[in-house]
Amino acid sequence: MPDAAFGQDDRHVILTWPNGVDLVDAVTGARRRLPGVGRVIGVVPGKVVATTGRRALEGAPDTELVTLDARGAVRTRTPFDPALQALLTPDGERLVLVSDNEVLTMDPRTGGRVRARATLGGPGAEAELVRWTEDGRLLVMLGWDDPVLYLVDLETGKSRQVKNVPSRLGEVVVGRLA
């Protein structure tokens, strides 16, 4: 069985198989193999952002970040560290990365202009990207044993801790966050 995920466009389903990745249009049923793609990071109308390798150990020398058009044709390529956690912004214009306790942004077409947008917790804290909220803020989890959730506004760089969240996040469906 493949791993399945929905794109941010609410129209496409990403099927990740051991031997490749398929993009399925949930409206028409059309299915397209994405040649050379190992992991899809995000799908927005008219654009797919992916890597040529799966999530792997740091420093895999031949992994690239690619942007593809709606037909699956590669538009841009740039070197990419496959160990990074990455999430495409809802508008598809930026890639959000997390490195230790910093939330960074970059241009997925060029791989350039990486800049810190928010710092969470103290040095050495490990953050994990969770998802986007309905109002465009990013939900980030810090720590594993006793996780703490933060809402990050990428435009201002401000973050705040989300209170009263159960410690067993695997059993929680996140809706609107105040």
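We count residues from 1, following the sequence as given.
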Query raised in the report: Asp25 and salt bridge (Lys or Arg N to Asp or Glu O under 4.0 Å): which partner among Arg11, Arg31, Arg71?
Result: Arg11

Check [X] against [Y] and note the closest heavy-atom contact, atom names and distance.
| X | Y | result |
| --- | --- | --- |
| Ala50 | Val37 | CB-CG1, 3.6 Å |
| Glu93 | Thr89 | N-OG1, 3.4 Å |
| Val49 | Pro108 | CG1-CB, 4.1 Å |
| Ala118 | Gly157 | CB-O, 3.6 Å |

Within the structure provided, determine whether [X] and [Y] are in side-chain contact (heavy-atom separation under 4.5 Å).
| X | Y | answer |
| --- | --- | --- |
| Leu65 | Ile41 | yes |
| Leu138 | Val103 | yes |
| Leu104 | Val96 | no |
| Leu120 | Val152 | yes |
| Thr78 | Thr110 | no |
| Leu151 | Leu139 | yes |
| Leu149 | Val140 | no |
| Arg75 | Arg109 | no |

Requested in this report: Check whether any side-chain N or O of Asp69 sits under 3.5 Å from a backbone N or O of Ala73 as a donor-acceptor pair, and report yes or no.
Outcome: yes

Query raised in the report: Is a side-chain donor or acceptor of Lys47 paired with a backbone partner of Gly92 at a separation under 3.5 angstrom?
Result: yes

State the [atom1]-[atom2] distance between [X] and [Y], to the nearest 0.5 angstrom.
| X | Y | atom1 | atom2 | value |
| --- | --- | --- | --- | --- |
| His12 | Ile14 | NE2 | CD1 | 9.5 Å |
| Leu154 | Thr105 | CG | OG1 | 7.0 Å |
| Leu95 | Thr67 | CG | OG1 | 11.0 Å |
| Gln8 | Asp10 | CD | CG | 9.0 Å |
| Trp132 | Leu88 | CH2 | CG | 8.5 Å |
| Met106 | Arg94 | CE | CZ | 12.5 Å |

Requested in this report: Please test Leu97 against Phe80 for side-chain contact (heavy atoms from CB on, under 4.5 Å), starting from the C-alpha separation and ending with a verdict.
Outcome: CA-CA 11 Å; Leu97 310 168; Phe80 187 74; 4.2 Å; yes

Query - Partners passing side chain to side chain contact (heavy atoms under 4.5 Å, CB included) against Pro2 (at least two apart in sequence or in another chain) - result: Leu15, Trp17

Query raised in the report: Is the shortest distance from a Lys or Arg side-chain nitrogen in Arg33 or Asp22 to a carboxylate oxygen in the other one below 4.0 Å?
Result: yes

**Report entry** Test: Glu64 and Arg39 ion pair at under 4.0 Å
**Finding:** no

Query - Name of the residue among Gln161, Met141, Lys163 meeting side-chain contact (heavy atoms from CB on, under 4.5 Å) with Val148 - result: Gln161

Report task. Determine, stepwise, if the pair Thr52 / Thr63 fulfils side-chain hydrogen bond (donor to acceptor under 3.5 Å, both in side chains). Result -> CA-CA 5 Å; Thr52 57; Thr63 297; 4.9 Å; no

